[in-house]
**Student:** 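For reference, the structure I am asking about is given below.
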Number of protein chains: 2
Amino acid sequence: MRAKDGAKRAPTESDVARLAGVSQSAVSRAYTPGASVAESTREKILKAARELGYHPNMMARTLATNRSNIVALAISYLDNPFYAQVVRELSEKLRETGRHILLFTTSPDGKADPALEDVLSYKVDALILTATTASHELAVQCQAAGVPIVQINRESKLPGISIVRGPNELAATKIAEFLHAGGHLRYAFIGGTVESGTSKVRENAFVGRLRELGVKDVLVAHGDYTFEGAAIVTRQLLSMAEPPDAIFCASDYMAFATLDVAKREFNLKVPDDLSVIGFDNVPAASRFAWDLTTYSQPAGLLVDAAIDIIDSMIARPGRRAQRREVQGELILRGSAKRPPASA
Amino acid sequence: MRAKDGAKRAPTESDVARLAGVSQSAVSRAYTPGASVAESTREKILKAARELGYHPNMMARTLATNRSNIVALAISYLDNPFYAQVVRELSEKLRETGRHILLFTTSPDGKADPALEDVLSYKVDALILTATTASHELAVQCQAAGVPIVQINRESKLPGISIVRGPNELAATKIAEFLHAGGHLRYAFIGGTVESGTSKVRENAFVGRLRELGVKDVLVAHGDYTFEGAAIVTRQLLSMAEPPDAIFCASDYMAFATLDVAKREFNLKVPDDLSVIGFDNVPAASRFAWDLTTYSQPAGLLVDAAIDIIDSMIARPGRRAQRREVQGELILRGSAKRPPASA
DNA sequence: TGAAATATTGCATGCGTATGCAAGGCAGCG
DNA sequence: CGCTGCCTTGCATACGCATGCAATATTTCA
């Protein structure tokens with residue numbers, strides 16, 4: 001059909017075989033680790049391949065082996081530096097094993113994206129979701145197809161979906177204690193989306209611990225994990241008759257919005273008038289301009305765990321979904337009042 | 001071979017054909033836009049497909065058609081929010097035409113990454129490079145294979161490589177004039193890497209215009225497009241006997257580093273003691289905490305141009321490489337002293 | 001040196017889809 | 001009613017690689 005679209009047909013194993021004076025299968029074996037080829041012929045083949053500029057056709061290989069060396073990554077909030085970091089770490093670590101990322105940016109409205117169905121078409125080796133959740137249907141289909149699914153930073157009750165999460169409860173608890181020890185009067189929590197399980201878990205731990213400490217009502221708002229969303233609810237909170245003097249944001253990115261609004265629009269001094277604590281410890285949090293107190297959630301560890309899970313599930317298909325939690329720590333900076341004792 | 005890895009074999013067109021009582025080719029045609037199928041049979045087929053949970057196998061389709069609907073994206077500085085934005089825009093716009101991104105994060109050391117050779121294996125429809133350059137060998141091979149290459153924001157003299165760039169000369173010229181009108185005494189330019197053509201172009205325009213305006217020597221340093229790199233050279237610049245009072249950074253991201261060091265370590269007032277101007281106008285530049293004067297370079301427009309180019313080259317193979325420049329404008333904020341007149 | 005064990009090779013086929021070609025079906029027309 | 005032409009459909013084959021199996025070459029061991 002396509003004789004010449006102006007482009008020469010790429011050389012194939014047969015071409016290499018012809019030049020090297022061997023069979024096509026010999027060439028194939030030369031590229032298959034552990035296959036039976038004499039060292040001398042392999043060299044002969046590789047030489048011929050180099051001469052022709054041959055590169056194995058991954059699509060054909062995938063068709064034959066059912067393994068693509070492609071991992072699908074679904075992500076919603078690429079503007080949040082934390083997730084940019086996740087992408088980067090994941091890409092670099094997968095590359096070490098010759099794998100690549102097929103990117104699916106999903107709309108941040110929480111709903112599972114229909115375009116995600118494409119993962120089944122591309123025969124990806126695994127599907128990693130960060131800050132998104134898979135639909136029930138997709139989960140079932142992937143499980144049937146033997147494609148492991150790992151969700152980073154989102155909960156899910158769906159069958160066969162592995163979870164990697166940060167230290168949600170512990171962090172929220174410690175932050176509650178830290179703020180309380182700092183002698184604040186009125187507390188607020190700015191979560192992500194209403195549906196986000198992760199956000200809910202942090203909220204419950206934060207509010208719960210504060211209640212134990214005698215704080216009756218804690219303000220709760222949702223910034224939808226976006227800068228603009230967080231800015232809006234911050235504006236609302238700070239406009240109240242009795243505005244909060246301590247805000248815990250479910251992500252650094254939203255905490256930046258809170259700081260921005262507080263300083264720019266309300267002319268507040270941080271941390272004198274208002275303490276703000278974030279979550280993630282993204283690099284920007286340490287900038288002088290932000291100086292954000294936060295709880296670290298190492299992207300590298302999350303990614304390591306995710307890769308570990310998919311590898312183990314690929315090695316032993318049919319294995320049960322796993323659940324991992326990585327550790328972090330409270331990072332003390334200048335955006336939150338410190339307790340008198342620790343001063 | 002693989003009888004059951006614990007995973008059922010995914011349904012194929014033949015399975016659908018059997019259930020629908022037609023031939024495999026009929027099923028194929030049902031999924032091919034513009035193919036000859038009766039509407040009644042198509043519906044019958046789609047129904048059967050739905051029933052089986054059939055999804056076309058893109059790898060097989062690619063093998064047969066030599067089109068994968070995959071665009072390779074090579075990127076170095078994912079931590080720079082500007083490029084995160086590029087990735088996001090590109091992903092969303094490609095999705096509109098059913099295409100996806102295969103991600104290649106390359107090491108930021110300027111050298112073309114050997115892992116990029118994989119693009120030839122994956123039979124991608126095009127290759128887009130942002131803030132990286134393709135090796136000569138890769139350029140030749142891609143051209144031979146009919147794979148269009150577009151570089152966003154990097155120059156290249158290689159054959160067959162299209163370029164999409166921001167308003168480098170104009171921006172640098174205007175920034176020079178703006179700073180000069182602001183009555184500064186000592187100017188510095190913090191570029192990216194030494195090899196970066198983009199950086200060099202901006203440097204030349206900036207230094208050249210200042211020279212025209214009577215400024216003899218302009219300090220030139222290289223921050224390697226990284227936050228840390230820019231922080232280091234800023235430290236050096238500000239430690240000089242006669243430190244600059246006006247710095248133009250080749251990216252907002254580096255400008256943040258400059259601001260960070262200036263305020264935190266040198267306790268400088270911006271813009272009274274030091275004016276800083278960036279390039280890109282990333283969202284963070286408008287934050288109160290940064291309030292960065294900069295020159296906009298709309299990621300969306302760059303991406304639009306890139307997609308436009310690859311589409312036109314796919315439509316008419318063998319077409320010559322193209323070169324586009326998108327427009328931007330000087331964004332006045334608080335990080336640089338304004339000329340008296342415009343106050 | 002000869003036979004058995006092993007390493008290497010080629011042959012043939014399958015992976016799932018697209019498409020040229022020819023055959024069959026149908027409507028329109030005279 | 002018969003013929004022409006278009007619309008549908010199926011058949012057969014190609015796409016590039018992997019692999020089981022059988023054939024052959026090489027080594028090992030007695």
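By convention in this document, chain letters (A, B, ...) are assigned in the order of the sequence lines, proteins followed by strands, and residues within each chain are numbered from 1.
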**Student:** Figure out the CE/P separation between A/Met58 and D/dC15, and round it to whole Å.
**Tutor:** 20 Å
**Student:** Please tabulate, for side-chain N and O atoms in residues 311-324 of chain B, each donor-acceptor pair with protein atoms closer than 3.5 Å (sequence neighbours left out).
**Tutor:**
residue: B/Asp311; atom: OD1; partner: B/Arg99; partner atom: NH1; Å: 2.9
residue: B/Asp311; atom: OD1; partner: B/Arg99; partner atom: NH2; Å: 3.0
residue: B/Asp311; atom: OD2; partner: B/Arg99; partner atom: NH2; Å: 3.4
residue: B/Ser312; atom: OG; partner: B/Ile309; partner atom: O; Å: 2.9
residue: B/Ser312; atom: OG; partner: B/Arg319; partner atom: NH1; Å: 3.4
residue: B/Ser312; atom: OG; partner: B/Gln322; partner atom: NE2; Å: 2.9
residue: B/Gln322; atom: OE1; partner: B/Arg324; partner atom: NH2; Å: 3.1
residue: B/Arg323; atom: NH1; partner: B/Glu155; partner atom: OE1; Å: 3.3
residue: B/Arg324; atom: NH1; partner: B/Asp308; partner atom: OD2; Å: 3.2
residue: B/Arg324; atom: NH2; partner: B/Asp308; partner atom: OD2; Å: 2.9

**Student:** Considering residues at least two apart in sequence or located in another chain, which fulfil the ring pair (Phe, Tyr, Trp, His ring centres under 6.0 Å) criterion with B/Phe104?
**Tutor:** A/His100
**Student:** Figure out the CG/P separation between A/Asn57 and C/dG16, and round it to whole Å.
**Tutor:** 16 Å
**Student:** Taking DNA chain D as the partner, which of residues 29-49 of chain A come within under 4.0 angstrom of it by heavy atom?
**Tutor:** A/Arg29
**Student:** Any donor-acceptor pair under 3.5 Å linking the side chain of B/Gln151 with the backbone of B/Ala134?
**Tutor:** yes
**Student:** Would you say a side-chain N or O of A/Thr12 is under 4.0 Å from OP1 or OP2 of D/dG16?
**Tutor:** no
**Student:** Which atom pairs, one a donor and one an acceptor, fall under 3.5 Å between side chains of residues 38-45 of chain A and the rest of the protein, sequence neighbours left out?
**Tutor:**
residue: A/Thr41; atom: OG1; partner: A/Ala38; partner atom: N; Å: 3.4
residue: A/Thr41; atom: OG1; partner: A/Ala38; partner atom: O; Å: 2.7
residue: A/Arg42; atom: NH2; partner: A/Ala30; partner atom: O; Å: 2.8

**Student:** Please enumerate all residues that pass side-chain contact (heavy atoms from CB on, under 4.5 Å) together with B/Leu158, with sequence neighbours excluded.
**Tutor:** B/His136, B/Ala139, B/Ser156, B/Ile161
**Student:** If you assign each of B/Ala26 and B/Ala60 to its closest nucleotide in DNA chain D, which residue comes earlier from the 5' end?
**Tutor:** B/Ala26
**Student:** Of the options D/dC17, D/dG16, C/dT17, whose atoms approach the side-chain atoms of B/Ala64 most closely?
**Tutor:** C/dT17
**Student:** Just checking B/Val22: base, sugar-phosphate only, or nothing, at a heavy-atom cut-off of under 4.0 Å?
**Tutor:** sugar-phosphate
**Student:** With distance as the sole test, does A/Ser91 use its side chain to make a donor-acceptor pair with the main-chain N or O of A/Val87 at under 3.5 Å?
**Tutor:** no
**Student:** CE of A/Met59 versus C1' of C/dT17: gap in Å, rounded?
**Tutor:** 13 Å
**Student:** Compare side-chain N and O positions of A/Tyr54 against OP1 and OP2 of D/dC17 and report whether any pair is under 4.0 Å apart.
**Tutor:** yes
**Student:** Answer yes or no: is there a side-chain heavy-atom contact under 4.5 Å between B/Val147 and B/Val119?
**Tutor:** no
**Student:** Starting at CD of A/Glu13 and ending at C1' of D/dT19, how long is that distance when rounded to a whole Å?
**Tutor:** 12 Å
**Student:** At under 4.0 Å, does any side-chain N or O of B/Ser28 touch on OP1 or OP2 of C/dA18?
**Tutor:** yes
**Student:** Without decimals, in angstroms, what is the distance between A/His55 NE2 and D/dC17 C1'?
**Tutor:** 16 Å
**Student:** Please identify each residue that fulfils side-chain contact (heavy atoms from CB on, under 4.5 Å) with B/Asp79, with sequence neighbours left out.
**Tutor:** A/Arg88, B/Tyr77, B/Tyr253
**Student:** To the nearest Å, give me how far apart CZ (A/Arg67) and C1' (D/dT19) are.
**Tutor:** 17 Å
**Student:** Not counting sequence neighbours, list each pair that qualifies as a ring-ring contact (aromatic ring centres under 6.0 Å, His included) and has a residue in residues 11-32 of chain B.
**Tutor:** B/Tyr31-B/Tyr54
**Student:** Please determine whether any donor N or O and acceptor N or O are separated by less than 3.5 Å between the side chain of A/Ser25 and the base of C/dC11.
**Tutor:** yes
**Student:** Just to verify, what does A/Ser68 make a side-chain contact (heavy atoms from CB on, under 4.5 Å) with, not counting sequence neighbours?
**Tutor:** A/Thr62, A/Ile70, A/Asp125, B/Met59
**Student:** Write down the distance between CZ (B/Arg61) and P (D/dG16), rounded to a whole number of angstrom.
**Tutor:** 18 Å
**Student:** Provide, to the nearest angstrom, the distance between the CG atom belonging to B/Asp15 and the P atom belonging to C/dG14.
**Tutor:** 16 Å
**Student:** Take the C1' atoms of the five end pairs on each side of the helix from C/dT1-D/dA30 to C/dG30-D/dC1, derive the two axes, and give their angle rounded to 10 degrees.
**Tutor:** 30°
